[in-house]
Amino acid sequence: MTADTAGATAASENTTATGSATPGGDGSGLYLVDGSGFIFRAFHALPMLTRPDGTPVNAVLGFSNMLLKLLADAKAEAVAVVFDSKRLNFRNEFYPDYKAHRPEPPEELKPQFALIREATEAFCLPCLELEGFEADDLIATYARLAQEAGRPVTIVSSDKDLMQLVRPGVGMFDPMKNKAIGPDEVFEKFGVPPEKVVDVQALAGDSVDNVPGVPGIGVKTAAQLITEYGDLEALLANADKIKQPARRQKLIEFAEQARISRRLVLLDENVPPPKPLDELRVREPDHQRLIDFLRAQGFRSIVSRVEMEMQKDGRIADGAGGGSIPSPGSLPTPAAKSPAPAESPAAEDRPARKTVLHVPEVRYELVQDADTLRRWVERARETGVLAVDTETDSLTPATATLVGVSLSTEPGIACYIPLAHKAEGAAAAGQLDFDAPTPPVQIPTDEAMAILKDVLEDRSVLKVGHNFKFDHQLFARNGIAVSPVDDSMLISYVLEGGSHGHGMDELAELHLAYTPIPFKEVCGTGKNQITFDRVPLDKALAYAAEDADITLRLWTLLKPRLVDDRMVTVYETLDRPLVPVVADMERAGVRIDKTALSDLSRSLSERLVEIEKDVHALAGQSFNIGSPKQLGEILFDTLKLGTGKKGKTGAYSTDSSVLEELAEQGHSIAQRVLDWRQLAKLKSTYTDALQEKISPVTGRVHTAFALAATNTGRLSSTDPNLQNIPVRTEEGKKIRRAFVASPGHKLLSVDYSQIELRLVAEMANIQALKDAFRDGLDIHAATAAQVFGIPLEQMTPDIRRKAKAINFGIIYGISGFGLGRQLGIAPGEANAFIKTYLERFHELKVWMEATKAFARQHGYVVTLFGRRCYMPGIQEKNAARRAFAERQAINAPIQGTAADIMKRAMNRMPGALAAAGSSARMLLQVHDELLFEVPEAEAEDAARIVREVMEGGAHLGVPLVAEAGIGDNWEEAH
DNA sequence: TACGTCACG
DNA sequence: GACGTACGTGACGTAA
């Protein structure tokens, strides 16, 4: 949404042929609002709202907001609103099915048609409609007339059918996406320039409008054909030359249908205009009439806005810096709903939901001066609770710039403090941007931080956040150690982990029956995405203050449930203290030897090229090895190496187990493909991608640990995932060597030995296994001795391997099939192993049955420390799916308890290190391993402390053992 | 966006 | 007798 992508503006300014147009200059520009289209889209996009008398008005509100902003932004431009007149029009004369089967408009929409016409009149804008023609035809006609008169035109609509009208002097603006549509955007949508859009539509058809098109041809194919042949007629004339037989036949058979379709979509530029073009000039609105109308709808905040603006110069002025005033380019999106809860009682738009968020009033305030901020801080001290949310220009908190802070002291009362917002006009939608950018008034960040520091560090004021780890880091970087902290996301995770996600939007839907303003509606998506510092203040206020508001509401609702559900201890001892600990780890980041990675990348590239040559030679043809589809066809259809197994999508499976089997049969191509796969994976996922993740600010890589993502209580790591750095293969180890210590430092890696199997022994109370662990035996060998009845002295590696596989299998909720596959033996044979295992360790069987029964009864399982893991599938009727849930039920308490123990250790770690005077920094957690960076001289001491803390993570009947390694890089330390 | 694949625990 | 299988993650490339 930057000025340079505003195609419509560019188009308007390129009207040199007609000469006179200068947008915003002489006031001759014309905005044609597609009223009919807007009604439907606004109705479906906005939450349902009703007037005090019960009349639904959500589309009317959206429409009024849109007009208001359009008038503010468009300055002296002329604005006309165009409507469809009747449902039947001239198109039905030659194609009766056109727009047939279209359902009646919803009941809640019907009364709004008339209101929207009233709104238009209240705004003193001309209403254009003409019997027998659609709004689109009128728009096309006025666009032509204006263009001929040298007046630049902007069509305000989201309707793709109008895109055919884009040309020099005629642009479009999508009021729902707040986005200018020019030739580039049209090309993006249809794959052809605007003048060929109708040809593409004629082929592709449109199921919504009942435009038939040619069966089997979509937009992509149509664009390709039109580009190749020039236009529809040329294509139809040459249809017999199409290569693809099916396509050729369809084009010949449905040629006439395509011609009819073209007539249906082609807009009529020559309808009789109901009003002369010259009458479409802006008139001074009748303020009182407008205010009366808006007030009658219950649009209180719009009314006050209008009243305020009218006082200025009798017109709706540009409000850059003014906060609640619309600004250039900030055309309405459904963000219009932000003040909406205040304007009218929220009615429920989805019948399925019974609960409704009753918001008698929300007050969101924009804070632009220090005194106002101090008042918020005072208020927080009175209430003792403060919801806090930060807005930044990036999702990497270790390096992001703080753009603003929102606060909420009680439900419905929130503020937003912009700190680093850029001038609104600078990069907002350029289409309607005529003023020089003026930066908004903001409290200097340092001053705001100084004021906030007092309350954020005040031990008597609880700070509530949603995913507060993020905010914690930002404040830490500004010298503020926020404490104490509560996190509504983590509370939800502790209460209901495994049953649903814990993002704020999802929880707001679930618990408050409310849909927060989506981020993408504020910042857009894809290449048009803007950073939050470019968001106009009114939108930023609506979005950010709402986040703080919702956070506080969720906290109010969920926090007491910790007591009710007896989950206080889990939350207080495991997850809540983790917030500052993990925030510090993320902020620390890990050093990467970029040169080593780029050398590896280069070497991998060369080897990949070599292997690719080999594979193509062995295949006898060139193909994309990275495409499982092509590879499968080469292996099993062309080369006929065996029959091949097909998956549920009908594609051959080519995973490593399949390729390994082929390789064993002596097919060298399979081994080469396996080599290629391994190297390609390492290159794309690690050596290439990791280099990109090195922060230019810190020179290090900062992962994000998700604290509420897994079903078992584990953390996960994203962007980049540093919990799956290669370690098993020699090639992989080279990547791990690129994780290095800072100069003068060492990396220290400490990992739990066999923690999950120890926990199986503990929780199932397996005496023989516990004894083996207490005696410090090689646990897999000891297992083998027990299960296969072989003395330890006679143990062979192969028997030990089998026992090891069974031990792992137990943790996964063993099955004969899975174990058999792992060991490459028949499922029957594997079942025999399992049977023996369960006889030797009979306590295990009892525990597994009890655990499954508990899961069935309660719908969740619990870890040793009381964490619940919900398993929605446990009541499944489908046997396979239920079996899956049962295996999860076995695995979750084991994996989850290990995760709990690791969290206990992590929470104690900073204190233990500090108490010992160690300056070791915790960098990463990989489930059973912690990685530290420590000054060389302190490494041995740190290793001892860390081992002690980890081994003391729980005091059980089996010992916990942690093993340490020290090195210059991660591979060496591991 | 869904799928197949594969990196880790 | 048939079904569909080891548990937990995240990222990549391809194909649609």
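Throughout, protein chains are lettered first and strands after them, A, B, ... in sequence-line order, and every chain is numbered starting at 1. The structure displayed is predicted, hence computed values, not measured ones.
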Give one of base, sugar-phosphate or nothing for [X], where a contact means two heavy atoms less than 4.0 Å apart.
X: A:Gly809; result: base
X: A:Thr710; result: sugar-phosphate
X: A:Phe884; result: sugar-phosphate
X: A:Ala805; result: base
X: A:Ala892; result: nothing
X: A:Asn878; result: nothing
X: A:Glu929; result: nothing
X: A:Ile811; result: nothing

Can you see if the side chain of [X] gets near the phosphate of [N] - specifically, an N or O under 4.0 Å from OP1 or OP2?
X: A:Asn721; N: C:dC12; value: no
X: A:Arg821; N: C:dA6; value: yes
X: A:Arg728; N: B:dG9; value: yes
X: A:Gln895; N: B:dG9; value: no
X: A:Ser656; N: B:dC6; value: yes
X: A:Arg714; N: B:dG9; value: no
X: A:Gln630; N: C:dA15; value: yes
X: A:Ser717; N: B:dC8; value: no
X: A:Ser716; N: C:dG10; value: yes

Do the side chain of A:Lys681 and the base of B:dC6 come within less than 3.5 angstrom through a donor-acceptor pair of N or O atoms?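 In this structure, the two groups form a donor-acceptor pair.
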Send over the distance from [X] [atom1] to [N] [atom2], rounded to a whole Å.
X: A:Ile755; N: B:dC8; atom1: CD1; atom2: P; answer: 21 Å
X: A:Arg736; N: B:dG9; atom1: CZ; atom2: C1'; answer: 10 Å
X: A:Gln925; N: C:dT9; atom1: CD; atom2: C1'; answer: 12 Å
X: A:Leu924; N: B:dA7; atom1: CG; atom2: C1'; answer: 15 Å
X: A:Asn891; N: C:dT9; atom1: CG; atom2: P; answer: 9 Å
X: A:Arg887; N: C:dG4; atom1: CZ; atom2: P; answer: 13 Å
X: A:Lys629; N: B:dC3; atom1: NZ; atom2: P; answer: 16 Å
X: A:Met848; N: C:dC7; atom1: CE; atom2: C1'; answer: 14 Å

Looking at A:Glu188 and A:Lys160, is there a salt bridge between them, counting it only when a charged N and a carboxylate O are closer than 4.0 Å?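 Answer for the salt bridge query: no.
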Taking only Lys NZ, Arg NE, NH1 and NH2, and the carboxylate oxygens of Asp or Glu, determine whether A:Arg801 and A:Asp798 approach each other closer than 4.0 Å.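 Yes, charged N to carboxylate O under 4.0 Å.
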Hey, are the side chains of A:Ile810 and A:Ile890 touching, using non-hydrogen atoms and a 4.5 Å cut-off?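 They are not in side-chain contact.
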Rounded to whole angstrom, note down the [atom1] distance from [N] over to [M].
N: C:dA2; M: B:dA7; atom1: P; value: 36 Å
N: B:dC6; M: C:dA6; atom1: P; value: 15 Å
N: C:dT5; M: B:dT5; atom1: P; value: 14 Å

Say whether A:Gln895 and A:His927, considering side chains only, have a donor N or O and an acceptor N or O under 3.5 Å apart.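 No, no side-chain donor-acceptor contact under 3.5 Å.
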Side-chain donor-acceptor pair present, A:His702, A:Thr396, cut-off under 3.5 Å: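 Side-chain D/A pair, A:His702 to A:Thr396: absent.
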Which of these nucleotides, C:dA6, C:dA11, B:dC8, is closest to any side-chain atom of A:Gln822?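 Taking heavy atoms from C-beta onward, the closest nucleotide is C:dA6.
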Given C:dA6, C:dG8, C:dT14, the nucleotide with the shortest approach to the side chain of A:Ser627: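 My answer, after comparing the listed nucleotides, is C:dT14.
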Is the number of heavy atoms from other residues, nucleotides or ligands under 6.0 Å of A:Glu661 CD greater than 12?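 No.
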According to the Watson-Crick and G-U wobble definition with distances under 3.5 Å, which dot-bracket string, read 5' to 3', encodes DNA chain C, using [ ] for crossing pairs and | for pairs with another strand? ......|||||||||.
For A:Ile799 and A:Ala784, work out which heavy atoms get closest and say how close.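 Scanning both residues, the minimum pair turns out to be CG2-CB, 3.8 Å.
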Exam field: side chain A:Thr703 to backbone A:Thr718, donor-acceptor pair closer than 3.5 Å: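 Here the side-chain-to-backbone pair exists.
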Answer yes or no: is there a donor N or O on one side and an acceptor on the other, between the side chain of A:Glu586 and the main chain of A:Ala704, under 3.5 Å?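 Answer holds: no.
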